[in-house]
2 protein chains.
Amino acid sequence: MTEPANKPERMEAIGILEENKIGAIWQICFIANSFIFPIYARFDREYDLSRMEFVVLYVTAHRANTMAWEICGITGLPKNNISRGVQKLQKKGLITRVADPCDARRSFLNLTEKGTELYEKLIALYADRADAILSLLDDEDRAALEIVTLKLSKRLAATKLS
Amino acid sequence: MTEPANKPERMEAIGILEENKIGAIWQICFIANSFIFPIYARFDREYDLSRMEFVVLYVTAHRANTMAWEICGITGLPKNNISRGVQKLQKKGLITRVADPCDARRSFLNLTEKGTELYEKLIALYADRADAILSLLDDEDRAALEIVTLKLSKRLAATKLS
DNA sequence: CAAAAATGGTTCCATATGGAACTTGACATT
DNA sequence: AATGTCAAGTTCCATATGGAACCATTTTTG
């Protein structure tokens, strides 16, 4: 059942990866897609959790009293999708939503104990898969990649591109 | 109209980018999304071209006599989506489809002149935007990033991850 | 303080997406 | 040649997605 590692069509991908007119960006997208799709498919299959739900879970795990609009700003995802993610998580009892006394439009989001438990499980899978990919590099290259992608992503977050 | 470069929610994103349990992968996805979404939105808005159409256009521009199943292998996208992209491009007169005499199920895809013209225009926009992002790094970092992402993406393409 | 603008969030709708079933054609085994 | 298996593409369907209109609250402004 294990397919040969180098199926011809996969090898063809390599040629296109070397295209240099668009530089590292196509490669970065290729790596991101290779990571994201399988992991979200797995979350959906094994935990019945959609991408939007995971995103909300993830951000909320990192910041107590998060508000929906903040998740939008952090992730760049549209607010209607975030809204749906929040609703589903709340229905499943994975997060709590408490109205902000200062502004009735907003509410504070926090993980429940159950939500924290699930998050711990998922983030472990997430980290394993990330590690499986990054392990294709030797330690030196991996360290270099981490330094440069952190720099770039931080600058990108702080910049308003046209 | 120009927003301040450092809106609070964007700065919050930076904190999360520094999360190290999942290392460079979250950052890579962040960079990829920051690139992909705006550029495809623009292609759709200004050229009425969907993501799938662009993908087919792109691969076909790189390989004469491409077949649909090859595009699937190269990009990892499902074949029904590719099929739709091919149909739309053909309807618009941007690619030609000629049945393979050796196997009636398959056909060879090639850009028309009109298709080539459009491709040239789009890839220039694509490259400009890629450059705008990569220019946030100094030359040394940028060179390092390009080397390492090429290595990683090539190994990833040649590997069958779980 | 009333009217207008803005903001957080939800709902509506039209489109994009991907899994699965299906169609047609190639090919292997008998 | 009949049969079963596989492969390339298409179609069907149920879900995900994101823009736009909308609602309910602040906040701003005259």
Under the salt bridge (charged side-chain N to carboxylate O under 4.0 Å, His left out) test, which residues partner A/R84, sequence neighbours left out?
none

Whole-Å distance between C/dA20 C1' and A/R45 CZ?
15 Å

State, to 0.1 Å, how close B/L125 and B/I39 come at their nearest heavy-atom pair, and which atoms those are.
O-CD1, 3.9 Å

Between C1' on C/dA20 and CG on B/N81, what's the gap in Å once rounded to a whole number?
13 Å

How close or far is atom C1' of D/dG18 from atom CG of B/N33, stated in whole angstroms?
14 Å

Hits for side-chain contact (heavy atoms from CB on, under 4.5 Å) against A/K114, two or more places apart or cross-chain, chain-then-number order -> A/L94, A/T112

When you match A/L77 and A/P101 each to their closest nucleotide on DNA chain D, which lands nearer the 5' end?
A/L77

Which residues pass the side chain to side chain donor-acceptor pair (under 3.5 Å) test with B/K121, sequence neighbours left out?
none

Going by the rule ring-ring contact (aromatic ring centres under 6.0 Å, His included), which residues pair with B/Y40 if we only count those two or more places apart in sequence or in a different chain?
B/F54

Sorted by chain and residue number, the side-chain contact (heavy atoms from CB on, under 4.5 Å) partners of B/P38 (sequence neighbours excluded) come out as B/R129

5'-most contact on DNA chain D: A/M52 or A/A104, nearest heavy atom basis?
A/M52

Name the nucleic acid region contacted by B/Y40, choosing base, sugar-phosphate or nothing; use a 4.0 angstrom heavy-atom cut-off, strictly under.
nothing

How long is the line joining CD1 of A/I36 and C1' of C/dT17, in whole Å?
15 Å

Please report the distance, rounded to the nearest Å, between CZ in A/F37 and P in C/dT17.
9 Å

Per-nucleotide protein contact string for nucleotides 5-16 of chain D, where B marks a base within reach and S marks sugar-phosphate only (heavy atoms under 4.0 Å, - for neither)
--BBBBBB----

